There are 2 protein chains.
Amino acid sequence: MTVTLADVAARARVSPATVSRVLNGNYPVAESTRERVLRAVDELDYVLNGPASSLAAATSDLVGVLVHDIADPFFGIMASAAQSSIGEGGSGRGGGEKLAVVCNTGGSPERELTYLTLLQRQRAAAVILMGGSLEDPAHLAATTGKLAKLAEAGTRVVLCGRPPVTGDANAAALVFDNRGGARRLTEHLLELGHRRIGYAAGPADRTTTRHRLEGHRAALTAAGVAEGPTVHSPYDRQAGYRATAELLARDPDLTAVVAANDTVALGVCAALRERGLSIPGDVSVAGFDDLPFSVDAVPSLTTVHLPLHEAGTRAGRLAMGTEDPPAGGLARVPAELVVRGSTGRPRE
Amino acid sequence: MTVTLADVAARARVSPATVSRVLNGNYPVAESTRERVLRAVDELDYVLNGPASSLAAATSDLVGVLVHDIADPFFGIMASAAQSSIGEGGSGRGGGEKLAVVCNTGGSPERELTYLTLLQRQRAAAVILMGGSLEDPAHLAATTGKLAKLAEAGTRVVLCGRPPVTGDANAAALVFDNRGGARRLTEHLLELGHRRIGYAAGPADRTTTRHRLEGHRAALTAAGVAEGPTVHSPYDRQAGYRATAELLARDPDLTAVVAANDTVALGVCAALRERGLSIPGDVSVAGFDDLPFSVDAVPSLTTVHLPLHEAGTRAGRLAMGTEDPPAGGLARVPAELVVRGSTGRPRE
DNA sequence: GCCTCGATAGAAAGCGCTTTCCATCGGCGA
DNA sequence: TCGCCGATGGAAAGCGCTTTCTATCGAGGC
């Protein structure tokens, strides 16, 4: 029914072994033979049976990319970049065509684990975990254990924007300088003269949230400025909207609000505007990530630029083995302050 | 080294066949036996070998989701919804755990074909194609042929936001009412009194572009209003920005600009604002899709709402076979006009 | 001119699972 | 009490490929 490798072999008048060798290209085959085989493949419209191939070779050409939320451009950009760089790599088995698959964990540790198991089951060639992780110890232990098992089974593990757990030696990690970026952002606000700064943070139990908050606090401490109100909430627009009400309730005289990320900042702006507060006239607003839309916001958003595309590309290369893992298994990705229109001097 | 099904069988003192049956659950196994097996699985930390399983069963639990651009929320939202509904479906083989993998074609027909081949190779259980297709006949023929082959091999094919090619009987299709939505949008502008309307269209060779443009023109024709300038460009912000310059050059007296989608509309707004034109005071602007950010735009965007989440969910269910395919294999998804702040009466 | 060696190609043994027969066993109707 | 049936579980034959391990054939080397 379906064409098998044996059919191709018969047609090309060679053994199945030879066909396999031509297809995988890691064994010398005479040019004339190769051509004959390729012609047969073409004529029969043969498609390799992936499962059979993976079974025999004990590895597949699947690369898993785990993200918290595909619909969020933060992940979309990284995932897309990773997928491109994975697609272009060309030396592996099966003609080097790797299938990069992105999986949406929804930020849930259970689904993360489920997907990791599924990928382990498929004998994935590599796994990339994007975005910060939950700091819940139980979750951390479970995930780390699973990753160790994957690594042991020959699956390459890459972390992108996720700090490695100590002892997690077999994963290459790309970590964003969230702390430094957040610090510079708050310093910028302080330099402008702000002294009452609210902070609309992300979920309390995420590494990313903690690091950004730490950077923010470090700047305040260094300047000897008292910390303003902080509200934790999810990484979405609604959250920013609601957090703003809370922030303002806690300190009606805020002159600036720092948001966990650009999306949250959008919500903050909407809430502020609704109360008749002008930006940055009455209140300055800052985001984080520098997502594409932040330049289009009105006013355009002061934020911290994260080279998401580059990071994703690099993660993809690491997963392919095209790029050597960084020394110590960990590379820092810089975060750069971008000053735009949403921040200014406080009034009076 | 790695634990195999045979190991589990030995430990549970049953045959491999029984273990397989317990794991796949489509055969009666005594409760006590089942428990023994599951305990053994747990104790040995056994993970099924996917390739082996797929090889023997001649099908895998992979579901491919092809999108033009993951980083675009339009696709992100649909893909994410599809992935959720696929993850929750629970009756298939391997415990019903399907692995929904999203693949980024970048809008390139070649990559689309490559991914389809890769999925065919993996014996995917289903494939979902999201977003309009290129209308290039060669491409259409190639893709249709490939889809036919997939269907023939038992892979379910679902189109979501992509019109089925005639004769492509074995695919279930969800099509957006792009024509109707665009028509209502332009009618809205006409009712407001606009007579000089520019159109920042998408790429000329996409079905989506064509349908939206057709709807727009239908409204104009019905009202007896002459068509304004139209510029084709990609579906991104930059494109909208540039298109606006062109549109204004062709007709400096435009009172409204309709954009191919919300993202493009954002670029249009930016360009307009930069020239000192107020929205909607000087020029009204409308988008399409109603992506989450459009409500946050300033002014908030008048657009056409597409139930992307619902469509994605439905596509996922169709792929899982959880939902019956629509009669005739084709279901229309409504597109609803949403009037917000970016459109108003033309001046004077 | 014979033997050795490099370059190719074939034979065959799995890879780890599923699934089609069968075999077995306890219970129930006659 | 005997035979038959439904409910379970085992044996074994693959699924389609990869990959040793060999075999063969020319070309040189001495």
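Throughout, a chain's letter reflects where its sequence line sits, starting with A, and its residues are numbered from 1. Predicted model only: the values in this text are computed from it and were never measured.
- Side-chain nitrogen and oxygen atoms of A/T4 include none within less than 4.0 Å of the OP1 or OP2 phosphate oxygen of D/dC15.
- At whole-Å resolution of the value, CG in B/D61 and P in C/dC17 are 14 Å apart.
- Atoms CG (A/L48) and C1' (D/dG16) sit 9 Å apart, rounded to a whole Å.
- At its two ends the helix from C/dG1-D/dC30 to C/dA30-D/dT1 runs along axes set 40° apart, each axis drawn from five pairs and the angle rounded to 10°.
- Among residues two or more places apart in sequence or in another chain, the salt bridge (Lys or Arg N to Asp or Glu O under 4.0 Å) test is passed with B/R314 by B/E323.
- The stretch residues 11-22 of chain A touches DNA chain D through A/A17, A/S20, A/R21, each having a heavy atom within less than 4.0 Å of the strand.
- A/L23 has its CG atom 16 Å from the P atom of D/dG16, to the nearest Å.
- Contact between the side-chain N/O atoms of A/N49 and the OP1/OP2 oxygens of D/dC15 is not found at any separation under 4.0 Å.
- Of the inter-residue distances, the one linking A/I70 atom CD1 with A/N104 atom CG reads 4.0 Å to the nearest 0.5 angstrom.
- When side chains are defined from C-beta on, B/K149 counts as touching A/D45, because their heavy atoms get closer than 4.5 Å.
- Residue B/N24 places its side chain closer to C/dT18 than to any other of D/dT8, C/dT18, D/dC17.
- D/dC17 atom C1' lies 13 Å from atom CG of A/D7, rounded to whole Å.
- No side-chain heavy atom of B/V127 sits less than 4.5 Å from a side-chain heavy atom of B/R156.
- For A/E110, there are no salt bridge (Lys or Arg N to Asp or Glu O under 4.0 Å) partners at least two apart in sequence or on another chain.
- Residues meeting the salt bridge (Lys or Arg N to Asp or Glu O under 4.0 Å) test with B/D42, sequence neighbours left out: none.
- Nearest nucleotide to the side chain of B/Y27, out of C/dT8, C/dC21, D/dC17: C/dC21.
- Rounding to the nearest 0.5 Å places CG of B/L308 at 11.0 Å from OG of B/S80.
- Within the structure, every side-chain polar atom (N or O) of B/S54 is placed at least 4.0 Å from both OP1 and OP2 of D/dC15.
- Ion pairing between B/R34 and B/E31 holds under the 4.0 Å rule for side-chain N and carboxylate O.
- A/Y46 places its OH atom 7 Å from the C1' atom of D/dC17, with the value rounded to the nearest Å.
- Distance B/R121 CZ to D/dC15 P: 21 Å, rounded to the nearest Å.
- Partners of A/R36 according to the salt bridge (Lys or Arg N to Asp or Glu O under 4.0 Å) rule, which considers only residues two or more places apart in sequence or in another chain, do not exist here.
- Between the CZ atom of A/R36 and the P atom of C/dA9 there is a distance of 8 Å, given to the nearest Å.
- Of the candidate nucleotides D/dT8, C/dA9, C/dT18, C/dA9 has the atom nearest to the side chain of A/A30.
- Counting to the nearest Å, the P atom of D/dT19 and the CG atom of A/L5 are 12 Å from each other.
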